[in-house]
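Here the structure comes first, spelled out in structure tokens, and everything after it is commentary.
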Amino acid sequence: MKPRGPLLTLLLAGAFGLCVGPFYWLAIAATQDDKDVFSWPPKLLPGGHLMDNLRGLQESIGLTRVLLNTVLVAGVQTVGAVAISVLAGYAFAKFDFRGRNLFFVLLLSTLVIPDTVMLIPIFQMMMELGLIDSYQSVILPGLVTPFGIFLMRQALRSMPDELLDAARVDGAGELRVLWRIVIPVNRPVIAALALFVFLGSWNQFVWPLIALRSPEMYTLPVATATLQGLSTTNYAQVLLAAAIAAIPVMALFLVLQRQFISGLLAGATKE
């Protein structure tokens, strides 16, 4: 028996409340004074301490510099990782070279290795290169994403070779074929990959915590962790920093949601 309309509406409303409720409380708590964050009953209307909390964040962690660091790291890493994934996926999908299958199997095998296992080798490499406590130390390890290469390879395999051969016959080089044909056709998949990479880069915490030593180099997740003191913690400022961290990701998803959903559906149907 199918559920009746009111019951289905009630269930959907409850699910919506469970999803949106924590974000609403986060936004409200970020405008409250620290002593009012955990008051009972909880306050459901915005408070008048938003600017005070912003000033507190600026004084304690240098919010402007921290945001610029995070945008720079996440932006460069996203652009670089997507570019490398497209190029490598195109090579694995459309070029026949010696050892292609072996290299692809080795690439896939890295997906089962936990990220924490690679922390010490990557740290040693960054130390030998003299890149510790720099933007490069945070950006470089994330430029090659095995999942991104696998995703692009699977998407590009479905493109007909005749379409690419026709462009080559017309005199187009490989880079022009990639730019004029491959990328436009696979824009939804690339948008989905960009969102995944940006989300991971924006929220990464463990590696920046290890690689960065100067407070002026901190990204937002690392700087937010420093707000938790040994004896006292201003939870209103912590929640405001969390709300600020969530805004770019939500905005990017809203901008790319159509391509993101199309990319996921395309990835689900490709062989």
Donor-acceptor contact present, side-chain Ser85 to main-chain Ala81, <3.5 Å: yes
message: Hydrophobic clusters here meaning ILVMFWY residues chained together by side-chain heavy-atom distances under 4.5 Å, can you tell me if Ile210 and Met127 are in one?
response: yes
Common cluster, Phe104/Phe97, ILVMFWY with side-chain heavy-atom separation under 4.5 Å: yes
query: So, does Arg213 use its side chain to make a donor-acceptor pair with the main chain of Asp133 at under 3.5 Å?
result: no
query: Is it true that atom CD1 of Ile120 has more than 12 heavy atoms of other residues, nucleotides or ligands lying nearer than 6.0 Å?
result: no
query: Within the side chain of Thr70, is there an N or O that forms a donor-acceptor pair under 3.5 Å with the backbone of Leu220?
result: yes
task: Find out whether Asp52 and Arg55 are in side-chain contact, i.e. whether some heavy atom of one side chain is under 4.5 Å from a heavy atom of the other.
output: yes
message: Are more than 12 heavy atoms, taken from residues, nucleotides or ligands other than Phe23, located less than 6.0 Å from that residue's CZ atom?
response: no
message: Contact between Arg157 and Gln154 at the side-chain level, heavy atoms closer than 4.5 Å - yes or no?
response: yes
- prompt: Are the side chains of Leu164 and Tyr90 in touch, meaning some heavy atoms are under 4.5 Å apart?
  reply: yes
message: Quick check: do Leu129 and Gln136 have side-chain heavy atoms less than 4.5 Å from each other?
response: no
- request: Count the heavy atoms belonging to other residues, nucleotides or ligands that lie under 6.0 Å from CZ of Arg100, then report whether that count exceeds 12.
  value: yes
query: Does Thr226 use its side chain to pair, donor to acceptor, with the backbone of Ala223 at less than 3.5 Å?
result: yes
query: Under 3.5 Å, is there a donor-acceptor pair between the side chain of Lys94 and the main chain of Met159?
result: yes
query: Quick one: does Trp202's side chain get under 4.5 Å of Val249's, heavy atoms only?
result: yes
Side-chain heavy atoms of Leu140 within contact of Ile122, under 4.5 Å: no
- prompt: Is Leu163 linked to Ile190 within one hydrophobic cluster, defined over Ile, Leu, Val, Met, Phe, Trp and Tyr using a side-chain heavy-atom separation of less than 4.5 Å?
  reply: yes
- prompt: Checking Asn53 side chain against Ala30 main chain: does a donor-acceptor pair fall under 3.5 Å?
  reply: yes
task: Mark yes or no for whether Gln77, through its side chain, and Val138, through its backbone, hold a donor-acceptor pair below 3.5 Å.
output: yes
query: Hey, what's the ring geometry for Trp207 with Phe123, parallel, tilted or perpendicular (30° and 60° as the breaks)?
result: perpendicular
query: Is there a path of hydrophobic side-chain contacts, each under 4.5 Å between heavy atoms of I, L, V, M, F, W or Y residues, that connects Met51 with Leu67?
result: yes
query: Is there a side-chain contact between Phe196 and Thr145, using heavy atoms and a 4.5 Å cut-off?
result: no
message: If we ignore hydrogens and angles and just use 3.5 Å, is the side chain of Gln58 paired with the main-chain N or O of Thr64 as donor and acceptor?
response: yes
query: When hydrophobic residues are tied together by side-chain contacts of less than 4.5 Å, even through go-betweens, does Val79 share a cluster with Val144?
result: no
message: Surrounding CG of Leu111 (heavy atoms of other residues, nucleotides or ligands, distance under 6.0 Å), is the total greater than 12?
response: yes
